[in-house]
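Reading through the C-alpha cells given below for one structure.
Numbers here are sequence positions counted from 1. Numbering of ligands and ligand atoms starts at 1, following listing order.
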Amino acid sequence: MDIKTPLIWKNWTFIKWDDTQDHHLSHTLHYWSWVFEWIRFYNTTKWPKIFKLEAHIDRLFYSASVFQMDTEFSKEEIMQACIQTVAKSWETEWYIRPIIYYGTGKMWLNPTGAKVETVISVWKFGKYLGDKAIDVKIAKTRRVDPRTTDMNAKICGNYSNSILVSLEIKKDGFDEWLLLDTNDFIAEWPGENIFFIQGNSVYTPELWTILPGITRATIIDLFQDKLDIKVIERKISPEELWNFNEAFFVWTAAEVTPIASITNEWWTKFIYNSGNASSTSKKISDFYHNIVTWDDENYINHLS
Ligand code: PMP
C-alpha cells in the first residue's frame, strides 16, 4: 500500500479505510463513469490553505455535468466537505481527491438511474518529480482527439492513453513522456501542461486537446502580473523545439518542473537551461511556490 488515508468522506459520512464498501457491480467499475480532481493543500500561517479550491470544485462540477450526474450536493457543500476532510487528516501538506461516480442500479452503458456517489479522500504524496530538471521523450501515442470526448472535463476515460503511456516510460530511461495531438502539434504530458520560453517570449499550446489546467491559468497570470509578459497560446510544432531555450511542465502536484531535454523518435536531443538559478523558469517557479505557500489574496480564492 503506497498511500495511507485518514478518514474518507462519503455522502456526508466519514468512514475508516477498513470500513469502505463499494459494490462489484457499480457502473463505474465496468464503464469508467467517474470524474475527479487533484487538489493540494499547504501548511501556512493560516493553516491549512487549500489552493484554488473553488476553481477545482467548479471543474469537478463541470466534469459531472458532462456525464449528466445528478449530484445531491452543492458546490459550497462539497467545498465544506473538503475542508472537513482536511481537518480530520493528521498532516498538513497532503492532496485532496474528490470523485463523483455512478454506483449501483444500472448496468447498461447509459448510467441514468444509477446512484451517484461522492467521495473525498486525502493522502500524502510528495512533490511529484522533485525539483530536478527532467529528460522527456515524445511518445508515439497521441493525446486523445477532442472530437471524441470532452477535453475540458476530468473524466476517467480521457486517461486510458495516459495510463498506457505511463506504463512505458521507465522502460526507456526517460523521466516523462510528451504527447503530440492527432494533428502532430505539441499537446501536454499525460497529466501536466507545458510552457516554452524563447528570449522574452513565452508560449504554451492553445486549448484544444489539452486539459485547461488550473496551474496553467495561474502561471499565465503570474507571467503577466509579475514579469509583464503576455503568454502566447498557439499551436506549437515539434520542429520549433530547436528555437526554445527553456521548457517546463506545470501541474497542481508538481508545481513547476523544469525540462532538461526533449528527445524525439529520431533520438535528437534538445538541451534547455530551465533548471538554472537565473532562468525565467526558476523565477516563475519561485513566484508560484510563494503564492501557494503564502497568503496572496490575488491568487488564493479559498482559505479555510
Ligand atoms: N493535463 C492533464 C491531462 C491533467 O490530468 C492535469 C491534472 N493532473 C493537468 C493537465 C494539470 O491540471 P491542474 O493544473 O489543474 O492540476
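- The distance between the ring centers of Phe249 and Trp251 does not fall below 6.0 angstrom.
- Relative ring orientation between His27 and Tyr31 is described as tilted, the plane-to-plane angle lying within the 30° to 60° band.
- Looking only at protein heavy atoms, the nearest one to atom 16 (O) of ligand 1 is Thr252 OG1, 2.6 Å.
- Looking at Asp175 and Lys137, no side-chain N of the basic residue comes within less than 4.0 Å of a carboxylate O on the acidic one, giving no salt bridge.
- Residue Pro190 touches ligand 1 through its backbone alone, judged by heavy-atom distances below 4.0 Å.
- Backbone and side-chain nitrogen or oxygen atoms of Arg59 are examined, and one is located within less than 3.5 angstrom of a nitrogen or oxygen of ligand 1.
- Ranking protein heavy atoms by distance to atom 12 (O) of ligand 1, first place goes to Gly213 CA, 3.5 Å.
- Test Asp184, Asn183, Thr209 against Arg142 for side chain to side chain donor-acceptor pair (under 3.5 Å) and you get one pass: Asp184.
- If you chain together hydrophobic residues whose side chains sit under 4.5 Å apart, Leu241 and Ile134 fall into the same group.
- Where the criterion is an N or O separation shorter than 3.5 Å, residue side chain and backbone included, Ile214 meets it with respect to ligand 1.
- Shown in contact with Asn193 at under 4.0 Å from a heavy atom are these atoms of ligand 1, numbered in order with element: 10 (C), 11 (C).
- Contacts of Glu192 with ligand 1, taken as heavy-atom pairs under 4.0 Å, involve the backbone alone.
- For Arg216, no nitrogen or oxygen atom sits less than 3.5 Å from a nitrogen or oxygen atom of ligand 1, counting backbone and side chain alike.
- Seen from the ring of Trp38, Arg97 counts as a face-on cation partner, given the 6.0 Å and 45° thresholds.
- Among all non-hydrogen protein atoms, the one lying nearest atom 5 (O) of ligand 1 is Tyr159 OH, 2.5 Å.
- A perpendicular orientation is assigned to the rings of Tyr288 and Phe51, their planes being inclined by more than 60° (bins at 30° and 60°).
- Residue Gly191 places at least one N or O, backbone or side chain, under 3.5 Å from an N or O of ligand 1.
- When only non-hydrogen protein atoms are considered, atom 1 (N) of ligand 1 lies nearest to Glu188 OE1, 2.7 Å.
- Distance from atom 7 (C) of ligand 1 to its nearest protein heavy atom, with residue and atom name: Lys154 NZ, 3.2 Å.
- Protein heavy atom nearest atom 8 (N) of ligand 1, with residue, atom name and distance: Trp251 NE1, 2.7 Å.
- Residue Arg143 touches ligand 1 through its side chain alone, judged by heavy-atom distances below 4.0 Å.
- In terms of protein heavy-atom proximity, atom 14 (O) of ligand 1 is closest to Thr215 OG1, 2.5 Å.
- Here Glu246 contributes atom CD and Lys282 contributes atom NZ; the two are 12.0 Å apart, rounded to the nearest 0.5 Å.
- The pair Asp18-Lys16 fails the salt-bridge criterion, with no side-chain N (NZ, NE, NH1 or NH2) lying under 4.0 Å from an Asp/Glu carboxylate O.
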For residues 198-206, run the donor-acceptor check on the side chains, cut-off 3.5 Å, and write out each pair with its distance to 0.1 Å, sequence neighbours left out.
unit_1: Thr204; atom_1: OG1; unit_2: Ile194; atom_2: O; d: 2.6
unit_1: Glu206; atom_1: OE2; unit_2: Lys235; atom_2: NZ; d: 2.8

